[in-house]
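Please read the structure below before turning to the comments.
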Number of protein chains: 2
Amino acid sequence: MSLTPEVSARQLLEVVPAVMRDIRSQMRSRRSPDLTVPQFRTLGFLDRNEGASLSDVARHMGLTPPSTSHLVDGLIARGLVAREGHPVDRRRVRLTITRSGLSILEASRRGTLAYLAGKLSGVSDDEREAIVRAMETLRTVFAAGAARQTVVK
Amino acid sequence: MSLTPEVSARQLLEVVPAVMRDIRSQMRSRRSPDLTVPQFRTLGFLDRNEGASLSDVARHMGLTPPSTSHLVDGLIARGLVAREGHPVDRRRVRLTITRSGLSILEASRRGTLAYLAGKLSGVSDDEREAIVRAMETLRTVFAAGAARQTVVK
DNA sequence: TATTGTTATACTCTATAACTATA
DNA sequence: TATAGTTATAGAGTATAACAATA
C-alpha cells in the first residue's frame, strides 16, 4: 500500500522545508514591511491575544522563554510591540501590538498571501482542496506547543 | 466558495511554519546524529549528486553562494562532506558526502521519519492521502530554485 | 569580462545556563 | 520553593558587499 504513515512522513520531510524557504525568501524580498516568519507569527498572535505574557507567546511559538524574549526584543526595538508590567502579578509582562506593528502586520500578510495565492492559482480546485484538507490535519497534529504541553504536567 | 487560492494560501502560511518548527526541534533533540534541516538536505542532495559544485547545491537549496559556502564549511568541519578541486575547471569545486556523512544522514533520516510517521499514525488513511496529494502538488509549485530558474536566463 | 567561489561583516533564530525579582 | 522573565554566551543560517582566481 502506498499511503502508510512512512510515505506521508517522507513527503513532508522533503516538501515542507522547500515551501518554508520559499516563504522566507519572499518575506525577505519585501523591502518595507520586512518581517521574518517568527516575527510575523508573533505579531499575529499578539493581534489575536492582547496583553499576552512572554510565556504565552513562547508556548504558542513552541520556543524557550529566552528565545522568545530575544525575539520580542527585536519587535520592541522596531516599535512594533509594547511591553508593560502586569497590574497584579508583577513578575509578568503584558505584550501588545502597537498601531505601527498592526499596519506592518497587515501589509506583510497581504503581500505574502498574495504571493502564495499567486503560486497556487495554477493549481486545480481539486488539488487545492487536498491542500486545505492536509493543512487542517497537519495543524492538529503539529499544533505549536503540542509536544511540550503533552510532556509538561 | 471556500477553496480559492487565497484560502489555501492562508492555511499554508499558518501551518507550514508550525510543522517546520516541529521538525527542527525534533532534529535538534537527537543528540547523536544531530543535523539541522539545511545540513540534512545538503547531505541528501550530495548523496544523490556526487561531485556537485557549490553552485549546484546553492541552486538546489535556494540559497546564495556565500550562505551555501558557509553551510558546507560546517559539514566539512564535521567530516561529513569532502571538498576537492574540479579536474578540468579549476574554479569549481567537487563536493562529495563522506562515509561518515552517509551514515549520519541515514541515521538522521530514519529517526526523523520514524518521528513523523509516529505523529501521522493517528491520522486516517483518507487524511494521509490528502497529505500526500497536497505534498505532491506543493512540490511542483515550490520546487527549490524554481523561482530563480524562471528569472535567470 | 564573466563565472566560481571565498572572506568579511552583520543580523536573526535558537538553545542552555545562570541569574533576578516576585509570588 | 516555584514561577516569570532577562542576560550571557554560543552556534547555525542567512544576506550583501568586496574580493580572488580562473575561464
Side-chain angles (χ1 to χ4, degrees), chain A residues 17 20-31 34-43 51-59 61-78 80-81 83-95 144-145 148 152-153, chain B residues 17-18 20-31 34-43 51-59 61-78 80-81 83-95 144 148 152-153:
Chain A
M20 200 57 211
R21 243 190 331 281
D22 200 279
I23 292 176
R24 270 180 220 287
S25 77
Q26 192 278 334
M27 280 188 166
R28 249 180 245 116
S29 73
R30 335 207 119 259
R31 275 293 175 252
D34 63 319
L35 292 176
T36 65
V37 172
Q39 287 175 337
F40 174 79
R41 292 191 68 239
T42 301
L43 288 183
S53 71
L54 189 80
S55 307
D56 293 333
V57 177
R59 215 158 14 242
M61 298 289 290
L63 299 178
T64 61
S67 297
T68 310
S69 184
H70 194 200
L71 175 59
V72 167
D73 282 348
L75 291 168
I76 289 172
R78 288 177 55 186
L80 310 182
V81 164
R83 177 163 40 196
E84 322 157 22
H86 189 286
V88 184
D89 185 339
R90 282 170 46 200
R91 294 172 302 181
R92 285 182 180 241
V93 127
R94 271 178 51 86
L95 299 171
R148 289 162 200 254
V152 171
K153 59 157 184 327
Chain B
M20 199 57 210
R21 244 190 330 280
D22 200 280
I23 293 176
R24 271 180 216 285
S25 79
Q26 192 278 335
M27 281 188 165
R28 247 179 248 117
S29 74
R30 333 207 120 259
R31 275 293 175 250
D34 63 318
L35 293 175
T36 64
V37 171
Q39 287 175 336
F40 174 81
R41 292 192 67 239
T42 301
L43 288 183
S53 71
L54 190 80
S55 308
D56 293 333
V57 177
R59 215 157 15 241
M61 298 288 292
L63 298 178
T64 60
S67 299
T68 309
S69 184
H70 194 202
L71 173 60
V72 167
D73 282 348
L75 290 168
I76 289 172
R78 288 177 56 187
L80 309 182
V81 164
R83 175 163 42 196
E84 323 156 23
H86 189 286
V88 184
D89 185 340
R90 281 169 49 200
R91 294 171 302 182
R92 285 182 181 243
V93 126
R94 270 178 51 85
L95 298 172
R148 289 163 201 255
V152 172
K153 59 158 184 323

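Here is how names work: the chains are called A, B, and so on, in the same order as the sequence lines, proteins then strands, and each is numbered from 1. Below, all heavy atoms of this structure are taken into account, side chains as well, without hydrogens, waters or symmetry copies.
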Looking at [X], does any N or O in its side chain come under 4.0 Å of the phosphate oxygens OP1/OP2 on [N]?
| X | N | answer |
| --- | --- | --- |
| A:Thr36 | C:dT12 | no |
| B:Ser67 | D:dA15 | yes |
| B:Arg24 | D:dG13 | no |
| B:Thr64 | D:dA15 | yes |
| A:Arg90 | C:dT22 | yes |

Classify the nucleic acid contact of [X] as base, sugar-phosphate or nothing, counting any heavy atom under 4.0 Å across all strands shown.
| X | result |
| --- | --- |
| B:Ser55 | sugar-phosphate |
| B:Ser53 | sugar-phosphate |
| B:Val88 | sugar-phosphate |
| B:His70 | base |

Take the protein atom [atom1] of [X] and the nucleotide atom [atom2] of [N], then report the distance between them rounded to whole Å.
| X | N | atom1 | atom2 | answer |
| --- | --- | --- | --- | --- |
| B:Arg41 | D:dA12 | CZ | P | 19 Å |
| A:Asp56 | D:dA4 | CG | C1' | 11 Å |
| B:Met20 | C:dC13 | CE | P | 15 Å |
| A:Leu63 | C:dT16 | CG | C1' | 14 Å |
| A:Ile23 | D:dG13 | CD1 | P | 19 Å |
| B:Arg83 | C:dT4 | CZ | C1' | 13 Å |
| B:Leu71 | C:dT7 | CG | P | 15 Å |
| B:His86 | D:dT22 | NE2 | C1' | 13 Å |

Considering only side-chain heavy atoms of [X], which listed nucleotide, [options], is closest?
| X | options | result |
| --- | --- | --- |
| A:Arg92 | D:dA4, D:dT22, D:dT14 | D:dA4 |
| A:Asp89 | C:dT22, C:dT16, C:dG5 | C:dT22 |
| B:Pro38 | C:dA15, C:dT4, D:dT14 | D:dT14 |
| B:Leu54 | C:dT6, D:dA15, D:dT14 | C:dT6 |

Task: Along DNA chain C (nearest heavy atom to each residue), the more 5'-positioned of A:Gly74 and B:Val93 - done: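 The 5'-side residue here is B:Val93.
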TODO: Specify the residue among B:Pro66 and A:Pro66 whose closest nucleotide of DNA chain C lies further upstream toward the 5′ end.
DONE: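 Closer to the 5' end of DNA chain C: B:Pro66.
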TODO: Locate the shortest heavy-atom distance separating A:Val57 from A:Thr42; write the atom from each residue and the value.
DONE: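 Scanning both residues completely, I find the closest heavy atoms to be CG1-CG2, 4.0 Å.
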Task: Rounded distance [0.5 Å steps], CE in B:Met61 versus CZ in B:Arg41 - done: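 That separation rounds to 5.0 Å.
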Open item on the list: Measuring from atom CZ of A:Arg24 to atom OG1 of A:Thr36, what distance do you get when rounded to the nearest 0.5 angstrom?
Closed with: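 If we round to the nearest 0.5 Å, A:Arg24:CZ and A:Thr36:OG1 are 8.0 Å apart.
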Open item on the list: By nearest heavy atom, map A:Arg94 and B:Thr68 onto DNA chain D; which one lands nearer the 5' end?
Closed with: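 Comparing both residues, the 5'-ward one is A:Arg94.
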TODO: Answer whether the closest heavy-atom distance between the side chains of A:Leu80 and A:Leu35 falls below 4.5 Å.
DONE: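 Side chain of A:Leu80 against side chain of A:Leu35, heavy atoms only: contact under 4.5 Å found.
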Task: Side-chain heavy atoms of B:Val72 within contact of B:Val93, under 4.5 Å - done: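 Answer no - side chains too far apart.
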Task: With B:Ser53, the side-chain contact (heavy atoms from CB on, under 4.5 Å) member among B:Arg92, B:His86, B:Arg94 - done: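 When side-chain contact (heavy atoms from CB on, under 4.5 Å) is applied between B:Ser53 and each of B:Arg92, B:His86, B:Arg94, only B:Arg92 qualifies.
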